[in-house]
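Quick caveat: nothing in here was measured; it's all calculated off a predicted structure. Just so you know, ligand 1 is whichever comes first in the structure, and atom 1 is the first atom listed for that ligand.
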Amino acid sequence: MSSLTTVTCIEDLRRMAQRRVPRMFYDYVESGSWTESTFRSNVDDFQRLKFKQRVAVDIQSRSLRSSMIGTEVAMPVALAPTGLTGMLCGDGEILAARAAERFGVPFTLSTMSICSIEDIATHTSRPFWFQLYVMRDRDFMRRLIDRAKAAGCSALMLTLDLQVMGQRHKDIKNGLAAPPKPTLRNLLNLATKPQWCLSMSRTPRRSFGNIVGHAKGVSDVSSLASWTTEQFDPALCWQDIEWIKQAWGGKLVVKGIMDAEDARHAADCGADALIVSNHGGRQLDGAPSSIAALPHIVQAVRGDIEIWLDGGIRSGQDVLRAVALGAQGTLIGRAFLYGLGAAGQAGVERALQIIAKELDVSMAFCGRTDIGGVGRSILLNPQIFDDLTKI
Ligand code: GLV
């Protein structure tokens, strides 16, 4: 797409997405909870880590290739599970999954997606990962697990930090719903988004594909917040992970770990990886940034399981900083969603290219040629988050 030739950074994609995506869905992506302080510090804290520049080191041949729980990846980045992705453009999850497949990084489908598990399996050829919430309706959960198995998903990602929901003011004010309600305000806004309207008119997928028609007695999930409040199980505890692990029987990743003791629980419950995550600053406002929480968790786990990180990654430099502090993998949410909203599959591919290039060149400036060998020594101040009470 010609308009992508002048897109040089993730921020360019964000601005394009803001112009093209209806306001309520752009705001859904761009929100944190309450004051949005954690949402902002996720991004800002990355900038506090400074690189050590090295010169006259042979950096001719470089590799970003790595692995995440046994999956070979072109760089240590996966697409995070994000709700309502198919509302940023028609068939959004299918397009993002295809972009990830072309690039050679994993795609994770959210339970709260618009395209269903089966849609992704039909339209892609590489195994993808499926994200699950712990819901009160255990039969429905089991059926989702069975559907993910039947679709050939190669990992289950269990999100542990959304048993209650952090309030996002904009979603309430905008009356967030999928599909959007035909109010005058929405119709006026949609009238300014012709490309979005065209892409949505070409797909039948406009509601929650994993849920509507699958969960008993659920015909309308249009209000995400109220559905979540009714369905997600606030009684979730570590024992629940055992039956889920058994029912799934494959690779398990737990998401939403911000505390060293919880990280030990995650390792002890037999997960293959944990994700240091504050849900993109969308849940507990006032929690530290993910990058600030990472070193404590690395120390607590001591290599027993893989540690990944999401939250605030907007560049390949951020990926490099996370890897330097001990993350074996990272996940991007907003960074790929901006690409999707801006230009569909091509936009997601552009986001991945941008991140890979920034990662590769920054690694070279640090005098390194293999992402696998990157550690704290590429940073001038790796200890900056060691005392979290001082940040
Ligand atoms: C769902 O995961 C959300 O953050 O809205």
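Contacts between M112 and ligand 1 below 4.0 angstrom, taking non-hydrogen atoms only, are absent altogether.
Listed by first and then second residue, the ring pair (Phe, Tyr, Trp, His ring centres under 6.0 Å) pairs that reach into residues 324-368 come to none, sequence neighbours excluded.
Remark: minimum distance from atom 4 (O) of ligand 1 to any protein heavy atom is reached at R282 NE, 2.7 Å. Ranking the protein heavy atoms by distance from atom 2 (O) of ligand 1 puts Y133 OH, 2.7 Å first.
Between F232 and W227, the angle of the ring planes goes over 60°, which puts this pair in the perpendicular group of the 30/60° scheme.
Side-chain atoms of R350 do not come within 3.5 Å of backbone N or O of A343 as any donor-acceptor pair.
Near Y28, meaning under 4.0 Å from one of its heavy atoms, ligand 1 places the atoms 1 (C), 3 (C), 5 (O). Close contacts between ligand 1 and R168 involve ligand atoms 3 (C), 4 (O), 5 (O) [criterion: under 4.0 Å to a heavy atom].
Using modelled atom types, one finds a donor on one side chain and an acceptor on the other under 3.5 Å when comparing R368 with S377.
In this structure, K255 and H279 have side chains that are in contact, with non-hydrogen atoms separated by less than 4.5 Å.
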